[in-house]
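The block underneath contains the structure these notes are about, expressed in structure tokens.
Below, read A as the first sequence line, B as the second, and so on, with proteins coming before strands; counting in each chain starts at 1.
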Amino acid sequence: MSEQANEYDVFAIQEKWLPVWDELKPFNSGVEGDPRPKKYVLDMFPYPSGDLHMGHAEAYALGDVIARYWAQKGFNVMHPIGWDSFGLPAENAAIKRGLDPKGWTYDNIAQQRASMRRYACSFDWDRVLVTSDPMYYRWNQWLFLQFYKKGLAYRKNSNVNWCPSCQTVLANEQVVQGLCERCDSVVTKKALTQWYFKVTDYADRLLDDLDTLEGNWPAKVLTMQRNWIGRSTGAEVEFEIEGRTAPISVYTTRPDTLHGATFMVVAVDSDLAAELASQATPNVRQRYQAYLEEVKKSNDIERLATDRKKTGVDTGLHAVNPINGEKLPIWLSDYVLADYGTGAIMAVPAHDDRDYEFAKAFDLPIRTVVQTEEGDPAELGKATVGDGILVNSGELNGLNKAEAIDRAIEILAARGKGHAAKNFRLRDWLISRQRYWGTPIPIIHCADCGEVPVPEDQLPVELPSAAGLDLKPKGSSPLGAAEAWVNVACPSCGKPAKRDSDTMDTFVDSSWYFLRYLSPNSQTAAFPVDAAKQWAPVDQYVGGVTHAILHLLYARFFTKVLHDIGLVDFEEPFTRLLNQGMVLMNGSAMSKSRGNLVRLSDQLDEHGVDAIRLTMAFAGPPEDDIDWADVSPGGSAKFLARAWRLAGDVTSAPGTSFAAGNKDVRRLTAAFLRDFSESIETFKFNVGVAKIMELVNGLRKAIDGEVGGADPAVREAAEAVAKALSLFAPYTAEDMWAKLGHQPGVALAGLPEPEQELLVVNNLTAVVQVDGKLRDKFDVSVSITEDELRALAMNSENVQRAIGGREIANVIVRAPKLVNIATK
RNA sequence: GCCGAAGUGGCGAAAUGGCAGACGCGGAGCACUCAAAAUGCUUUUCCGAAAGGAGUGCGGGUUCAAGUCCCGCCUUCGGCACCA
């Protein structure tokens with residue numbers, strides 16, 4: 001035997017097994033007639049911004065543990081991968097380097113793909129998709145047209161979030177603290193005609209169905225989604241307006257406080273405000289114009305400042321309170337949002353903080369109508385918002401808040417002045433982007449026919465070449481300048497018309513990609529309906545919590561629409577969700593500018609793939625962040641070598657029956673198999689790794705001790721180590737498997753169920769406590785009786801010394817494990 | 001401000017209400033070696049020579065028994081934030 005055969009050389013075994021796996025394709029799924037039960041395990045697909053980084057390494061290591069676990073457990077696991085390859089970074093990088101976004105993107109994909117292969121992810125390489133392929137985005141367009149037919153895709157003009165740096169609009173979800181999520185520029189507003197998806201039609205279902213995910217999704221994500229959708233209930237109330245035929249409707253969650261309304265406020269940037277101003281005096285009109293200018297100039301950062309003074313303009317007009325006929329002055333202000341509720345509110349300063357501040361700022365009356373435990377607003381100097389008893393409120397007097405809300409709605413309904421209503425924080429999804437590198441919107445604008453959908457048999461509307469186009473952001477889509485592309489005949493009347501030159505938000509791409517994996521190359525359908533029934537929804541989704549709102553909400557929305565169209569038979573796309581944490585370095589996110597960037601390729605070159613993957617899994621609970629400064633890939637490599645060496649010490653032949661093996665070692669293996677499976681299924685990968693380490697330690701002792709390497713139980717244990725290790729360290733595991741005399745394929749060798757009789761415990765350690773403190777231990781039979789155990793405890797010298805002559809108050813015996821003696 | 005989660009050795013972390021600190025990193029010691037590396041073994045919560053005592057952010061409570069359950073704080077992190 002050569003020296004090398006006993007040397008663990010990670011790099012040599014990586015080279016050795018990769019080509020073998022390429023040949024074997026152990027993880028191909030969807031083979032005709034496969035009898036195994038299915039499991040769809042999905043990792044969030046990467047954006048090809050360069051080579052894989054440490055964050056990818058963690059996410060894919062953890063996703064792979066799950067996928068490989070179910071494969072070992074005998075499931076037909078589908079575990080595909082693809083690239084979310086449209087989007088701004090490609091375009092920005094391309095502009096910066098003077099390249100074609102396409103070339104840049106596909107070069108990066110090739111690099112990531114090679115890295116994933118080396119990283120030994122258990123992906124099904126026959127199911128790959130790339131969203132910037134016309135073959136993929138053709139179906140974005142097709143789905144857009146289905147949405148359009150259902151009235152779920154529509155165009156409207158409104159003030160949209162505008163990033164002056166990216167020169168494009170942003171969905172609400174892409175504005176973080178008033179800043180562009182991509183580039184941190186201050187987001188401004190701009191009036192534009194844009195395409196929207198009508199997510200709000202699904203708001204109730206998106207909210208209510210979160211209950212079905214309870215326990216299977218992280219509670220944090222469910223909370224974030226609930227907050228984001230933000231359903232509130234209350235009433236719409238109609239106020240007659242002097243000098244206006246139509247009444248103004250306001251939304252309130254507190255119709256009980258209707259008698260406390262002392263003025264009305266209309267969002268200054270709403271159409272309604274413009275109309276009211278036009279009826280006001282020239283003086284008011286002038287002040288409105290000036291105020292509106294000022295408000296439009298301010299951005300969200302300023303708007304959100306908490307100590308901001310309330311501002312506004314009095315229209316001089318009046319509304320009539322439908323519950324008591326009082327005349328209320330109508331003000332215009334920016335503290336009321338134009339796009340929530342009706343864009344107008346009834347102000348109850350005594351019982352709403354914002355209204356209170358406004359009333360104080362402009363010296364408007366404050367009338368208490370709810371007596372709460374907090375006290376009276378007039379004395380407190382602030383609004384009271386809690387429950388209480390209604391006063392100064394006519395027929396509502398004496399009721400509590402909930403009763404008064406119901407009663408007020410009844411009264412309003414009876415008079416035809418209002419009704420119960422609900423509202424959502426969620427807004428419709430703005431999907432138009434004025435950029436090149438995305439899915440063209442399949443609509444043609446015709447002077448005569450208006451919006452004309454591109455006929456489905458003319459899809460895809462392919463992106464023209466970027467050559468000759470100015471991709472620099474300038475506020476309108478670069479595609480508008482592609483003359484040959486943009487000018488077409490109207491499909492309806494044949495006259496000259498123009499293509500819509502905007503592209504879709506890339507979140508459209510990722511809202512249904514999990515279905516496309518079922519037939520990534522299909523030319524005839526977005527996805528096969530029958531296969532979707534079999535494979536979908538995704539059993540286990542793995543990805544970062546950064547997508548807790550955006551991506552997951554949109555994918556849930558798409559799924560519900562697809563369900564309603566009859567294309568899928570389920571309503572939630574991802575049955576279980578695991579959010580892995582981030583990889584940090586010295587306490588903060590890695591970045592070049594911070595100078596704390598750890599390069600994945602360097603780590604892999606230094607420690608090997610297996611050690612890095614194992615480190616990711618062993619560092620802690622998967623949802624926690626990993627600080628790379630706190631973990632030890634070197635330690636992982638050492639452990640792997642230790643485990644690997646075991647295989648060389650097994651001298652029995654493969655196929656040897658384990659039954660005659662050493663019982664203690666067999667029990668060790670059986671307990672391991674039980675605990676390991678539980679650890680993995682509950683996502684305690686770090687504990688699972690610890691269990692392997694324990695088995696390896698025990699096995700080392702057995703081999704070096706009296707049991708010896710020839711005992712069949714030692715083979716049984718070593719094979720269990722190899723199989724379990726294959727989830728974390730596929731190369732090491734495969735090489736162990738070969739050294740143990742097997743054909744390649746440890747990944748599918750199967751983790752056996754533990755033999756029940758080996759799990760039966762005959763003896764254990766009973767503990768004796770005195771006043772809750774440990775004083776003695778005994779090895780006892782599990783069948784020991786309470787009396788026997790009590791006697792054993794009372795006879796112990798240690799126990800007697802601890803009691804020290806005090807009177808015994810109580811003796812708790814929990815045979816066979818514990819005795820607790822309480823003294824007085 | 002509102003909502004939520006989390007606080008355990010020098011460090012990453014374990015622990016169905018029942019032996020706190022599994023498993024590792026780091027440290028210390030020993031064996032092998034001319035020596036080192038590698039490997040193996042021992043040890044490592046704190047105070048104490050030991051006996052023993054203390055100990056899971058702080059203060060209470062429930063319980064024979066609390067890291068775990070309840071109440072009140074503190075700190076950190078995350079989400080939302082003029083949504084009427």
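Between Arg425(A) and A81(B), a side-chain N or O to OP1/OP2 separation shorter than 4.0 Å is present. The side chain of Tyr335(A) contributes no N or O atom lying less than 4.0 Å from OP1 or OP2 of A84(B). Side-chain nitrogen and oxygen atoms of Lys220(A) include none within less than 4.0 Å of the OP1 or OP2 phosphate oxygen of A6(B). The side chain of Ser333(A) places no N or O atom within less than 4.0 Å of a non-bridging phosphate oxygen (OP1 or OP2) of C82(B).
A gap of 12 Å separates the P atoms of C58(B) and G67(B), to the nearest Å. A gap of 11 Å separates the P atoms of C46(B) and G9(B), to the nearest Å. Between A22(B) and U8(B), the two C1' atoms lie 13 Å apart (nearest whole Å). Taking atom C1' on both nucleotides, C71(B) is separated from U62(B) by 11 Å, rounded to a whole Å. Taking the C1' atom of each, C19(B) and G27(B) are spaced 26 Å apart, rounded to whole Å. Separating the P atom of G55(B) from that of U68(B) is a span of 14 Å, rounded to the nearest Å. Separating the P atom of A14(B) from that of G21(B) is a span of 15 Å, rounded to the nearest Å. A13(B) sits 13 Å from U56(B) when the C1' atoms are compared, rounded to a whole Å.
Judged by closest nucleotide on RNA chain B, Ala619(A) is the one of Lys684(A) and Ala619(A) placed further toward the 5' end. Along RNA chain B, the nucleotide nearest Lys817(A) and the nucleotide nearest Ala267(A) are compared for position; the residue whose nucleotide lies closer to the 5' end is Lys817(A).
If you check C19(B) for Watson-Crick or wobble pairing at under 3.5 angstrom, you find it has no partner at all. In this structure, C30(B) forms a base pair with G40(B), meeting either the Watson-Crick or the G-U wobble geometry with both donor-acceptor distances under 3.5 Å. Of all nucleotides present, only C3(B) satisfies the Watson-Crick or G-U wobble test against G78(B), with each distance under 3.5 Å. When both distances must be under 3.5 Å, the Watson-Crick or G-U wobble mate of C73(B) is G57(B). If you check A14(B) for Watson-Crick or wobble pairing at under 3.5 angstrom, you find it has no partner at all. Across all strands shown, A50(B) forms no Watson-Crick or G-U wobble pair with both distances under 3.5 Å.
By the 4.5 Å heavy-atom criterion applied to side chains, Ser232(A) and Thr253(A) are counted as neighbours. Taking the side chain as every heavy atom from C-beta outward, Gln225(A) and Leu552(A) approach each other to under 4.5 Å. Residues Val250(A) and Met264(A) are in side-chain contact: their nearest non-hydrogen atoms beyond the backbone lie under 4.5 Å apart. Between Trp217(A) and Asn579(A) the shortest side-chain heavy-atom distance does not fall below 4.5 Å. Looking at heavy atoms from C-beta onward, Ile248(A) lies out of side-chain contact with Glu238(A) at the 4.5 angstrom threshold.
Contact annotation: side chain of Asn820(A) to base of C64(B), donor-acceptor pair present below 3.5 Å.
G9(B): glycosidic angle within 90° of 0, hence syn.
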Expected rows: protein N/O vs nucleotides 19-26 of chain B N/O, under 3.5 Å:
| residue | atom | partner | partner atom | Å |
| --- | --- | --- | --- | --- |
| C19(B) | O2 | Lys777(A) | NZ | 2.5 |
| A22(B) | O2' | Glu694(A) | OE2 | 2.6 |
| G24(B) | OP1 | Asn697(A) | ND2 | 2.8 |

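Distances from the side chain of Lys701(A) to the nucleotides U42(B), A14(B), A84(B) place U42(B) closest. Counting only heavy atoms from C-beta on, Arg645(A) has its side chain closest to G40(B) among C64(B), C80(B), G40(B). Minimum atom distance to the side chain of Ile549(A) is reached by G79(B), of the listed C3(B), G79(B), A54(B).
Arg801(A) comes within 4.0 angstrom of sugar-phosphate atoms only, judged by non-hydrogen atoms across all strands, and of no base. Here Lys773(A) lies in heavy-atom contact (under 4.0 Å) with sugar-phosphate atoms only. Using a 4.0 Å heavy-atom criterion, one finds that Arg775(A) contacts the sugar-phosphate atoms exclusively.
Nucleotide G12(B) holds its C1' atom 14 Å from the CG atom of Asn586(A), rounded to whole Å. Between the CG atom of Asp352(A) and the P atom of C2(B) there is a distance of 15 Å, given to the nearest Å. Atom P of nucleotide C64(B) and atom CE of Met794(A) are separated by 18 Å, given to the nearest angstrom.
The one candidate from Thr384(A), Thr257(A), Thr372(A) that meets the side chain to side chain donor-acceptor pair (under 3.5 Å) condition with His351(A) is Thr384(A).
The pair Arg613(A)-Asp610(A) does not count as a salt bridge, with every side-chain nitrogen at least 4.0 angstrom from each carboxylate oxygen.
To the nearest 0.5 Å, atom CG of residue Leu390(A) and atom CG of residue Leu258(A) are 10.5 Å apart.
Between Phe358(A) and Tyr335(A), the ring planes lie tilted relative to each other; the angle falls in the 30° to 60° range.
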Subject >> CA sep, side-chain torsions, deciding dist, call: Arg700(A), Asn697(A), side chain to side chain donor-acceptor pair (under 3.5 Å) >> reply: CA-CA 5 Å; Arg700(A) 182 82 262 155; Asn697(A) 291 343; over 6 Å; no

